[in-house]
Peer 1: 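This is the structure I have questions about; it appears just below.
In each ligand, atom 1 is the first atom listed, and ligand 1 is the first ligand listed. Values in this document were obtained by computation on a predicted structure and should not be read as measured data.
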Amino acid sequence: MAAKKTTKKANVSKDELLSYYKDMLLIRRFEEKAGQLYGMGLIGGFCHLYIGQEAVVVGLEAATKEGDKRITSYRDHGHMLACGMDPKGVMAELTGREGGYSKGKGGSMHMFSKEKHFYGGHGIVGAQVPLGAGLAFSDKYRGNDNVTFTYFGDGAANQGQVYEAFNMAALWDLPVIFVIENNEYAMGTSMARSTSSPDIYTRGAAFGIKGEVVDGMDVLAVKEASEKAVAHCRAGKGPYILEVKTYRYRGHSMSDPAKYRTREEVQKMRDERDCIEQVRDMLLTGKHATDDDLKAIDKEIKATVNEAADFSKESPEPSLDELYTDIYAEA
Ligand SMILES: Cc1ncc(C[n+]2csc(CCOP(=O)(O)OP(=O)(O)O)c2C)c(N)n1
Ligand SMILES: [Mg+2]
């Protein structure tokens with residue numbers, strides 16, 4: 001099955017295209033700024049950037065409603081911004097400050113928002129997959145029609161716990177979408193070197209879980225697939241797998257020199273497939289926006305990101321009194 005291209009481009013409204021454009025650009029500019037702050041020594045520890053993968057989370061979020069949940073790995077800043085978390089709180093967590101979502105005690109990989117139903121941020125590869133099934137179980141138990149989006153990578157997809165979660169999710173018809181963000185690499189290991197069957201979307205077949213592969217550089221294709229998967233889950237038909245083919249432009253984390261692939265490979269993807277450029281082209285060729293309009297949007301987004309960066313520098317270091325707070329969640 002080839003990754004699906006969207007068929008509905010002609011019907012997309014100007015407002016819809018602009019909103020995807022802005023949401024993806026916010027993630028990209030935010031991540032570029034995070035990279036700079038890391039370089040300046042203001043962000044410590046691990047920092048995994050999402051640049052290149054923006055269409056995945058923006059397309060998937062387009063089909064959500066209030067109450068839906070999301071959980072992901074350590075490559076999580078884009079997911080937080082896409083579900084409406086405040087860039088200031090995310091950036092201040094990256095710099096380990098009091099104004100951060102985890103009061104500066106979690107850092108890049110450990111942020112949560114009850115209000116936005118964002119359940120982290122997990123550094124242990126694959127750990128979020130059974131947790132995501134558990135979140136979906138809670139909604140099934142409560143009898144509502146919420147859906148949980150459980151994101152994980154191509155590398156995580158080779159883990160045993162993923163299949164235990166698949167089994168239970170299928171057995172109990174849990175409303176969970178397993179989103180496999182296939183960016184072709186797990187740290188420095190390519191899919192070709194690690195994975196016997198490259199069609200990851202078929203991995204649920206043994207459990208009777210439907211799977212689909214989507215072009216993750218095309219936000220409209222992702223949104224279309226997301227709507228279909230969401231409808232399946234909300235109708236009580238159980239879990240769904242979406243393998244979203246994407247690509248990360250930066251290294252695995254900020255400390256990765258990326259010697260396992262060529263510069264040309266990355267440049268080709270940027271030049272030919274970039275998700276933001278694709279929407280930019282649609283906006284310009286469809287005469288929905290001029291070059292100046294798009295420059296103004298970029299300026300506005302850069303201002304939001306700069307404000308977040310300033311906040312993340314000015315917010316104080318966490319007080320020692322906070323050391324033993326927030327250890328257990330309130331019931
Ligand atoms: C259980 C476990 N094993 C190994 C690691 C080290 N590790 C961190 S990220 C990673 C690769 C995961 O790749 P993938 O699932 O494709 O996600 P991506 O980083 O590409 O988003 C590994 C092996 C870990 N954090 N946890
Ligand atoms: Mg990967």
Peer 1: Any chance the side chains of Thr72 and His122 put a donor and an acceptor closer than 3.5 Å?
Peer 2: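 No.
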Peer 1: Could you check whether atom NZ of Lys287 has more than 12 heavy atoms from other residues, nucleotides or ligands sitting under 6.0 Å from it?
Peer 2: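 Counting other residues, nucleotides and ligands, NZ of Lys287 stays at 12 neighbours or fewer.
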Peer 1: Is it the side chain (CB and beyond), the backbone, both or neither of Phe152 that lies under 4.0 Å from ligand 1, heavy atoms counted?
Peer 2: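 No part of Phe152 is near ligand 1 at this cut-off.
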Peer 1: Quick one: does ligand 1 sit under 4.0 Å from the side chain of His252, the backbone, both or neither, non-hydrogen atoms only?
Peer 2: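 For His252, the contact with ligand 1 is made by the side chain alone.
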Peer 1: Closer than 4.0 Å to some heavy atom of Asn183 - which atoms of ligand 1 meet that?
Peer 2: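 That gives atoms 18 (P), 20 (O), 21 (O) of ligand 1.
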Peer 1: Taking both backbone and side chain into account, is any N, O or S atom of Tyr185 nearer than 2.8 Å to the Mg ion (ligand 2)?
Peer 2: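 Yes.
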Peer 1: Who's the nearest protein heavy-atom neighbour of atom 15 (O) of ligand 1, and how far?
Peer 2: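 Protein heavy atom with the smallest distance to atom 15 (O) of ligand 1: Ala156 N, 2.8 Å.
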Peer 1: Judged by modelled atom types alone, do Asp256 and Ser253 share a side-chain donor-acceptor pair under 3.5 Å?
Peer 2: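 No.
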Peer 1: Using a 4.0 Å cut-off to any heavy atom of Gly155, which atoms of ligand 1 qualify?
Peer 2: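 The list of qualifying atoms is 14 (P), 15 (O), 16 (O).
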Peer 1: State the atom name: nearest N, O or S atom of Asp154 to the Mg ion (ligand 2).
Peer 2: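 Going by distance to the Mg ion (ligand 2), the closest N, O or S atom in Asp154 is OD1.
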Peer 1: Indicate the ring-plane relationship of His48 and Tyr74, choosing parallel, tilted or perpendicular according to the 30° and 60° boundaries.
Peer 2: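 Tilted: the ring planes of His48 and Tyr74 meet at 30° to 60°.
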Peer 1: Compute the shortest N/O to N/O distance between Val125 and ligand 1 and return yes if it is under 3.5 Å, no if not.
Peer 2: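 Such a contact does occur with ligand 1.
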Peer 1: Using only heavy-atom distances, determine whether the side chains of Glu61 and Thr64 contain a donor-acceptor pair under 3.5 Å.
Peer 2: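 There is such a pair (donor and acceptor under 3.5 Å, judged by atom type) between the side chains of Glu61 and Thr64.
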Peer 1: Looking at atom 10 (C) of ligand 1, what's its closest protein heavy atom, distance included?
Peer 2: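 Result for atom 10 (C) of ligand 1: Met187 CG, 3.4 Å.
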Peer 1: Tell me which protein heavy atom sits closest to atom 25 (N) of ligand 1, plus the residue, atom name and distance to 0.1 Å.
Peer 2: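 Minimum-distance protein heavy atom for atom 25 (N) of ligand 1 reads Gly123 O, 3.0 Å.
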Peer 1: Just jot down the ligand 1 atoms closer than 4.0 angstrom to any heavy atom of Gly153, in number order.
Peer 2: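 Once the distances to Gly153 are compared, the set is 14 (P), 15 (O), 16 (O), 17 (O).
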Peer 1: Before signing off on this row, confirm whether Tyr185 and ligand 1 have an N or O atom pair separated by under 3.5 Å.
Peer 2: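 Tyr185 vs ligand 1: N/O contact under 3.5 Å present.
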Peer 1: Would His117 and Glu66 count as having a side-chain donor-acceptor pair, cut-off 3.5 Å?
Peer 2: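 Yes, side-chain donor-acceptor contact under 3.5 Å.
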Peer 1: Without hydrogens or angle criteria, can the side chains of Tyr50 and Glu54 be said to hold a donor-acceptor pair below 3.5 Å?
Peer 2: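 No, no side-chain donor-acceptor pair sits under 3.5 Å.
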Peer 1: What part of Arg75, side chain from CB on, backbone N/CA/C/O, both or neither, has a heavy atom under 4.0 Å from ligand 1?
Peer 2: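 The side chain, only.
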Peer 1: For residues Asn183 and Lys245, is any side-chain donor paired with an opposing acceptor at under 3.5 Å?
Peer 2: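 Note: Asn183 and Lys245 side chains miss the donor-acceptor criterion.
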Peer 1: Would you mind finding which of Ala186, Ser194, Ser253 brings a heavy atom closest to atom 13 (O) of ligand 1?
Peer 2: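 Nearest heavy atom to atom 13 (O) of ligand 1 lies in Ala186.
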Peer 1: Could you verify whether a donor N or O on one side chain and an acceptor N or O on the other, from Thr148 and Thr150, lie under 3.5 Å apart?
Peer 2: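 No.
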Peer 1: With a 4.0 Å heavy-atom cut-off (strictly under), which part of Gln159 contacts ligand 1: side chain, backbone, both or neither?
Peer 2: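 The answer is the side chain of Gln159.
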Peer 1: Please tell me whether Phe118 and Phe112 form a close aromatic pair, meaning their ring centres lie under 6.0 Å apart.
Peer 2: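 No, too far apart.
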Peer 1: Would you say ligand 1 has an N or O under 3.5 Å from any N or O of Tyr74?
Peer 2: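 The answer is yes, given that Tyr74 and ligand 1 share an N or O pair closer than 3.5 Å.
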